[in-house]
Amino acid sequence: MLDFRDVGADLEGYRAKLSRRPGFDDAVLDAVTALWTRRSDAIGRTQRLQEEKNTQGKAMKVLFQKGTDEEKAQARVAQRELSQAIKDADAEVLAVEGELVSLMLEIPNVPHPSVPEGDGEDDNKEVRQWGTKPSFTFTPKDHVTLGEGLGMLDFERAAKLAGARFVVEYDDLARMERALAAFMLDTHVREHGYREVAVPYLVNSTALTGTGQLPKFEEDQFRVPFSEATDYWLVPTAEVPVTNLYHDQILGPEDPSLPHAYCAHTPCFRKEAGSAGRDTRGLIRLHQFNKVELVRFEHPDRSYQALDELVDHAENILKKLELHYRVMLLCTGDISSNAAKCYDLEVWLPGQNRYREISSCSNFEAFQARRAKIRFKEEKKGKPRLLHTLNGSGLAIGRTLVALLEQHQLADGSIRIPKVLRPYMGGTEVVNSRL
RNA sequence: GGACGGAUGGCCGAGUGGCUUAAGGCGCUGGUUUGCUAAACCAGUGUACUCGCAAGGGUACCGAGGGUUCGAAUCCCUCUCCGUCCGCCA
């Protein structure tokens with residue numbers, strides 16, 4: 001969320017910056033400015049009425065001891081009228097503010113100047129590549145063929161249990177989900193300095209609003225209809241519970257200094273409402289998948305440096321797993337609504353002959369911090385400022401499994417396990433079929 | 001699921017309708033005194049909104065939301081969270 005004061009103070013500046021996003025309708029900005037004025041007027045009125053009522057109220061006690069019955073009655077009527085007037089003015093403030101906030105919640109973040117313009121995916125800029133495409137002396141299979149060939153991926157039974165877009169894994173591939181999570185967490189904790197955290201997989205709508213999934217993307221979220229009164233949603237990513245750890249908090253100078261960096265492993269649940277028919281084969285787009293997520297709370301002055309570090313930490317996992325990938329800088333047409341700047345890591349999938357997103361690393365600047373009220377003070381008496389939040393996948397585990405299967409496949413359909421993962425796989429070097 | 005008890009500033013804690021502009025203490029910051037440190041003393045110490053060029057005002061906030069009243073931290077209702085016990089349970 002942007003600050004409507006900033007928008008009102010520099011309407012044309014924001015119009016220009018936000019118009020870099022294709023499809024942004026700037027009419028909403030004029031509505032915001034109009035509401036802002038109405039809000040200020042209404043607040044001014046309420047406060048003047050309050051002041052008057054307080055002044056009169058202080059005189060009441062004396063009056064009730066010494067005044068005549070008639071004076072008392074008059075004062076009572078006057079106060080009652082003031083109370084009513086305050087109530088009315090308050091109601092207007094609330095109504096206008098409600099409208100204003102609901103508009104603000106829908107306005108996307110301002111893209112950083114370094115974000116290239118573009119209409120969509122094809123306009124993203126490749127920043128660098130790491131490694132080379134593996135070459136095969138045979139035609140590489142895709143992960144579904146490989147996994148089913150090993151007898152370790154089972155989409156039919158998953159469909160029986162839950163429906164489309166779920167998977168059942170067995171044996172070494174089931175173990176590899178666990179191994180990858182442990183390997184990634186260990187690396188981020190030991191080598192990159194993140195603090196490991198285990199969080200709830202159900203969150204409330206306040207948390208989802210704080211990180212920006214609500215209200216705009218409600219159709220992507222799984223709501224748990226536990227009862228009328230409860231407000232439970234399955235987490236779409238650990239970003240939500242982890243970022244909201246600091247909800248409504250002011251970090252003081254006595255707190256361990258910024259940055260605060262966390263990593264968490266959770267399943268992620270997504271409706272994939274808008275992607276019917278897309279990526280229906282395999283592990284690429286499921287309703288449930290595992291992910292290790294990195295979340296950072298940063299001083300505004302160094303959040304872009306932190307973004308580079310974050311990308312590096314995610315890349316490091318791919319390097320250790322010996323997976324060829326490229327780094328893409330997303331353009332204004334492909335970047336998410338919350339992010340100011342975003343890099344995607346795209347891993348090479350020989351079975352599909354294309355790169356696929358395996359991590360998305362974003363700087364949200366103050367966009368989430370303003371929604372979730374996350375602030376810090378540099379000095380004890382200083383003014384609280386919004387800090388910057390960042391997060392990135394480190395990495396999506398299901399897609400990592402896909403990449404391992406496809407890039408490290410051998411001619412007979414078995415899979416070579418990269419060295420760093422072997423300790424987590426009981427020393428196994430190759431995944432072989434048990435069939 | 002049942003019963004009872006709680007929720008007040010950074011922390012502890014007083015407060016049963018107007019003397020609260022939230023006492024008092026701790027902590028913290030600045031100052032005075034002072035070989036150093038400590039102590040003592042003095043002053044300050046939240047958040048949001050709002051008016052103002054500024055200095056500096058004003059308004060709201062005692063878990064949340066409603067209600068009663070001229071007036072609510074205080075009385076009433078609903079909810080949330082925490083604690084203790086009982087039942088059920090991985």
Side-chain angles (χ1 to χ4, degrees), chain A residues 1-9 32-33 35-101 103-105 198-210 224 226-233 241 244-257 260 267 366 369-387:
Chain A
M1 185 166 63
L2 304 172
D3 189 334
F4 53 77
R5 290 170 205 77
D6 295 344
V7 173
V32 163
T33 327
L35 280 169
W36 184 37
T37 315
R38 273 181 62 198
R39 173 179 169 279
S40 303
D41 291 350
I43 286 179
R45 230 174 312 136
T46 328
Q47 295 199 346
R48 279 193 300 278
L49 287 168
Q50 287 273 16
E51 192 175 353
E52 194 180 337
K53 187 182 159 204
N54 286 347
T55 314
Q56 281 190 23
K58 277 177 195 159
M60 293 295 281
K61 195 191 169 190
V62 182
L63 184 68
F64 271 68
Q65 286 160 354
K66 299 183 181 163
T68 65
D69 286 350
E70 197 181 331
E71 282 169 337
K72 290 180 197 170
Q74 269 177 9
R76 249 197 287 268
V77 172
Q79 282 288 80
R80 197 195 287 272
E81 278 167 4
L82 269 177
S83 293
Q84 190 54 49
I86 289 167
K87 224 177 252 182
D88 294 345
D90 254 347
E92 193 187 340
V93 172
L94 279 176
V96 174
E97 238 164 36
E99 263 182 80
L100 193 52
V101 168
L103 284 186
M104 293 310 296
L105 283 174
V199 290
Y201 303 159
L202 292 173
V203 293
N204 58 35
S205 51
T206 305
L208 283 161
T209 306
V224 181
F226 181 67
S227 78
E228 282 287 314
T230 50
D231 179 27
Y232 289 148
W233 306 69
N244 280 286
L245 287 173
Y246 284 35
H247 176 91
D248 204 8
Q249 195 173 333
I250 301 174
L251 298 174
E254 72 279 6
D255 286 304
S257 63
H260 293 221
R370 188 171 290 111
R371 290 169 165 249
K373 304 188 186 83
I374 306 172
R375 292 171 297 173
F376 74 102
K377 279 203 262 195
E378 283 177 289
E379 300 160 45
K380 196 162 168 62
K381 290 184 185 178
K383 267 221 161 284
R385 294 174 63 191
L386 293 167
L387 47 71

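In what follows, every chain begins at residue 1, and chains take the letters A, B, ... in the order their sequences are listed.
Nearest to the side chain of Gln79(A), among C49(B), C70(B), U47(B), sits C70(B). Ranking U47(B), U50(B), C70(B) by closeness to the Arg375(A) side chain, first place goes to U47(B). When distances are taken from the side chain of Gln47(A) to each of C70(B), U59(B), U47(B), the shortest belongs to U59(B).
Across U47(B) and C11(B), the matching P atoms stand 13 Å from one another, rounded to whole Å. Using P as the reference atom, G18(B) and C76(B) are 16 Å apart when rounded to the nearest Å.
Pairing of A3(B), defined by two Watson-Crick or G-U wobble distances under 3.5 Å, is identified with U84(B). Shown here, C53(B) forms no base pair; nothing in the strands shown gives a Watson-Crick or G-U wobble contact with both key distances under 3.5 Å. Across all strands shown, G44(B) is found opposite C28(B) as a Watson-Crick or G-U wobble partner, with both distances under 3.5 Å. Under the Watson-Crick or G-U wobble criterion, with both distances below 3.5 Å, A39(B) has no partner in any strand shown.
Counting to the nearest Å, the P atom of G63(B) and the CG atom of Asp248(A) are 15 Å from each other.
Side-chain atoms of Glu51(A) and base atoms of G58(B) include no donor and acceptor less than 3.5 Å apart.
Side chains of Val93(A) and Arg45(A) form no contact here, defined as non-hydrogen atoms less than 4.5 Å apart.
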Donor-acceptor list for residues 81-90 of chain A side chains, cut-off 3.5 Å, not counting sequence neighbours:
from, atom 1, to, atom 2, distance (Å)
Ser83(A), OG, Gln79(A), O, 3.1
Gln84(A), NE2, Asp88(A), OD1, 3.2

